[in-house]
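This report concerns only the one structure given below.
All heavy atoms count here, side chains included; hydrogens, waters and symmetry mates do not. Nothing here was measured: the structure is a model prediction, and the numbers come from that model.
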Amino acid sequence: MNAEKAIYHILANDATYNAFVGGSAALARIFYDEVDQDKEYPNTMITAESLDTTDTKDNSNFDHDLIQVFHSAPTKKQAVDMASRARTVLTAASGTYNDINVSEIRIIDNDSFTERVVNKKILTIEHIYKVTVHL
């Protein structure tokens, strides 16, 4: 639960990724759950897809959150570059990010699609990450 806050923190504070979406953590065009159509591109949207608790096991103190990350840009190359950098910085990340204790992050799925937003063609790459959170 709340692993999307950790993903946000990691992406917003990675200088290479942030160069795509604003240039600094304070200016990052990274959003939770929805992006207004008038927001500048490229940008990123993070949503929590599901939660797999492990509290049914004795002495278990982990949750596995599935987090969707949408990398949207005016060109396929930009979307691919964003997704590639996100995967690099997120894969196997562990530590405390935005007060969330992360044991491990792993990508488990990838999809890409094109959409029209305010008469613009936007290319989006969606990643799904499994985030293991230590409670």
Side-chain angles (χ1 to χ4, degrees):
M1 198 162 115
N2 294 323
E4 66 268 30
K5 289 172 46 180
I7 298 282
Y8 183 105
H9 180 87
I10 293 167
L11 294 178
N13 288 285
D14 179 73
T16 302
Y17 189 84
N18 205 300
F20 294 110
V21 294
S24 72
L27 299 174
R29 291 183 304 275
I30 302 174
F31 305 95
Y32 293 114
D33 299 324
E34 67 179 317
V35 179
D36 289 339
Q37 287 192 4
D38 62 349
K39 293 296 182 188
E40 186 179 339
Y41 289 90
N43 64 46
T44 301
M45 183 177 67
I46 300 169
T47 65
E49 181 180 292
S50 66
L51 168 67
D52 180 20
T53 64
T54 59
D55 58 358
T56 58
K57 299 176 186 173
D58 291 339
N59 299 318
S60 178
N61 57 355
F62 289 94
D63 280 348
H64 303 286
D65 294 11
L66 293 184
I67 305 299
Q68 294 173 294
V69 182
F70 297 87
H71 313 280
S72 299
T75 68
K76 179 76 169 189
K77 181 184 181 333
Q78 252 184 333
V80 167
D81 289 348
M82 290 170 67
S84 179
R85 180 58 190 174
R87 184 172 184 182
T88 297
V89 73
L90 291 172
T91 296
S94 64
T96 301
Y97 307 100
N98 210 3
D99 296 324
I100 306 300
N101 246 335
V102 173
S103 293
E104 182 180 54
I105 299 174
R106 293 286 176 197
I107 190 168
I108 60 168
D109 197 14
N110 180 81
D111 188 20
S112 65
F113 53 92
T114 302
E115 57 190 325
R116 288 212 170 268
V117 179
V118 190
N119 297 320
K120 289 188 261 186
K121 184 168 72 170
I122 302 300
L123 295 109
T124 299
I125 296 177
E126 172 196 5
H127 283 166
I128 299 178
Y129 289 93
K130 181 179 182 180
V131 182
T132 302
V133 176
H134 185 259
L135 303 174

Enter the distance from [X]:[atom1] to [Y]:[atom2] here, rounded to the nearest 0.5 Å.
{"X": "N43", "Y": "F70", "atom1": "CG", "atom2": "CZ", "result": "11.5 Å"}
{"X": "I128", "Y": "T47", "atom1": "CD1", "atom2": "OG1", "result": "8.5 Å"}
{"X": "N13", "Y": "H9", "atom1": "CG", "atom2": "NE2", "result": "4.5 Å"}
{"X": "N98", "Y": "E4", "atom1": "CG", "atom2": "CD", "result": "10.0 Å"}
{"X": "F20", "Y": "D81", "atom1": "CZ", "atom2": "CG", "result": "4.5 Å"}
{"X": "I67", "Y": "I46", "atom1": "CD1", "atom2": "CD1", "result": "8.5 Å"}

Answer yes or no: is there a side-chain heavy-atom contact under 4.5 Å between [X] and [Y]?
{"X": "Q68", "Y": "E126", "result": "yes"}
{"X": "T124", "Y": "I122", "result": "yes"}
{"X": "M82", "Y": "T44", "result": "yes"}

Do [X] and [Y] belong to the same hydrophobic cluster, where Ile, Leu, Val, Met, Phe, Trp and Tyr are linked whenever their side-chain heavy atoms lie under 4.5 Å apart, directly or via other members?
{"X": "I7", "Y": "M45", "result": "no"}
{"X": "Y8", "Y": "V131", "result": "yes"}
{"X": "Y32", "Y": "V21", "result": "yes"}

Exercise for review: Please list, chain by chain and in numerical order, all residues satisfying ring pair (Phe, Tyr, Trp, His ring centres under 6.0 Å) with Y41, sequence neighbours excluded.
Suggested key: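 Y41 satisfies ring pair (Phe, Tyr, Trp, His ring centres under 6.0 Å) with no residue once adjacent residues are dropped.
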Practice item. Report the residues that fulfil side-chain hydrogen bond (donor to acceptor under 3.5 Å, both in side chains) with Q78, sequence neighbours left out, ordered by chain and then residue number. Key: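 Checked Q78 against side-chain hydrogen bond (donor to acceptor under 3.5 Å, both in side chains); zero matches.
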**Study point:** Flag if over 12 foreign heavy atoms under 6.0 Å of NZ, K120
**Key:**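 Counting other residues, nucleotides and ligands, NZ of K120 exceeds 12 neighbours.
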Show me, pair by pair, the donor-acceptor contacts under 3.5 angstrom made by side chains of residues 99-114, not counting sequence neighbours?
| from | atom 1 | to | atom 2 | distance (Å) |
| --- | --- | --- | --- | --- |
| N101 | OD1 | T96 | OG1 | 2.9 |
| E104 | OE2 | R106 | NE | 3.0 |
| E104 | OE2 | R106 | NH2 | 3.0 |
| N110 | OD1 | H127 | NE2 | 3.0 |
| S112 | OG | K76 | NZ | 3.3 |

Check your understanding: Salt bridge or not for R85 and D14, using N-O below 4.0 Å?
Key ->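 Yes, charged N to carboxylate O under 4.0 Å.
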